[in-house]
Amino acid sequence: PVVTAADVAACSAALAASPHHQDTRNPEETRAQLEEWLPRSLWPEVNLLLVGFGQTVCLPRDPACAECVVRSLCPTGRSWEQ
C-alpha cells in the first residue's frame with residue numbers, strides 16, 4: 001500500500017494530487033485516493049518521494065513554496081506566487 005503519514009496527507013492535499021482528489025488531511029482517505037489514482041507499480045517510488053517531500057519541502061504548517069520545484073503545478077504554490 002501507499003504509506004500515508006500526516007505529512008504525506010498534507011502535501012497530497014496541498015498538491016491536489018489526484019484527479020479524484022477531495023480535500024482531506026486524513027491519512028487513510030489520502031491513501032485510498034492515491035492508490036486509486038496511481039498505478040501499483042509506482043507505489044514504492046511514490047512512498048519514498050512523498051514522505052521525503054512532505055518532511056522537507058511541503059510541510060503542513062510552513063511549506064517551503066519558494067524552494068519547491070513543483071510550485072507551478074500546485075494550488076498552494078500558485079497562490080504563494082501571487
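Heavy-atom basis, side chains included; hydrogens, waters and symmetry copies ignored.
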> Give the cluster check for Trp43 versus Leu50: same hydrophobic cluster or not, with ILVMFWY residues linked at side-chain heavy-atom distances below 4.5 Å.
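Trp43 and Leu50: one cluster.
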> Which residues pass the side chain to side chain contact (heavy atoms under 4.5 Å, CB included) test with Leu42, sequence neighbours left out?
Pro39, Glu45, Val46
> Quick check on side-chain contact (heavy atoms from CB on, under 4.5 Å): which of Glu29, Glu35, Gln33 does Arg31 satisfy it with?
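Going through the options one by one, the only one that passes is Glu35.
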> Who pairs with Glu67 by side chain to side chain donor-acceptor pair (under 3.5 Å), at least two apart in sequence or on another chain?
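For Glu67 there are no side chain to side chain donor-acceptor pair (under 3.5 Å) partners, ignoring immediate neighbours.
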> Of the non-hydrogen atoms in Leu59 and Gly54, which two are nearest, and what is the gap between them?
CD2-O, 3.6 Å
> Give the minimum heavy-atom separation between Cys65 and Gly77, together with the two atoms involved.
SG-CA, 4.2 Å
> Decide whether Leu73 and Val57 are clustered together by the hydrophobic rule: side chain heavy atoms of Ile, Leu, Val, Met, Phe, Trp, Tyr closer than 4.5 Å, transitively.
yes
> Taking all atoms of both residues into account, what is the closest heavy-atom pair of Val70 and Phe53, and its distance?
CG2-CZ, 3.9 Å
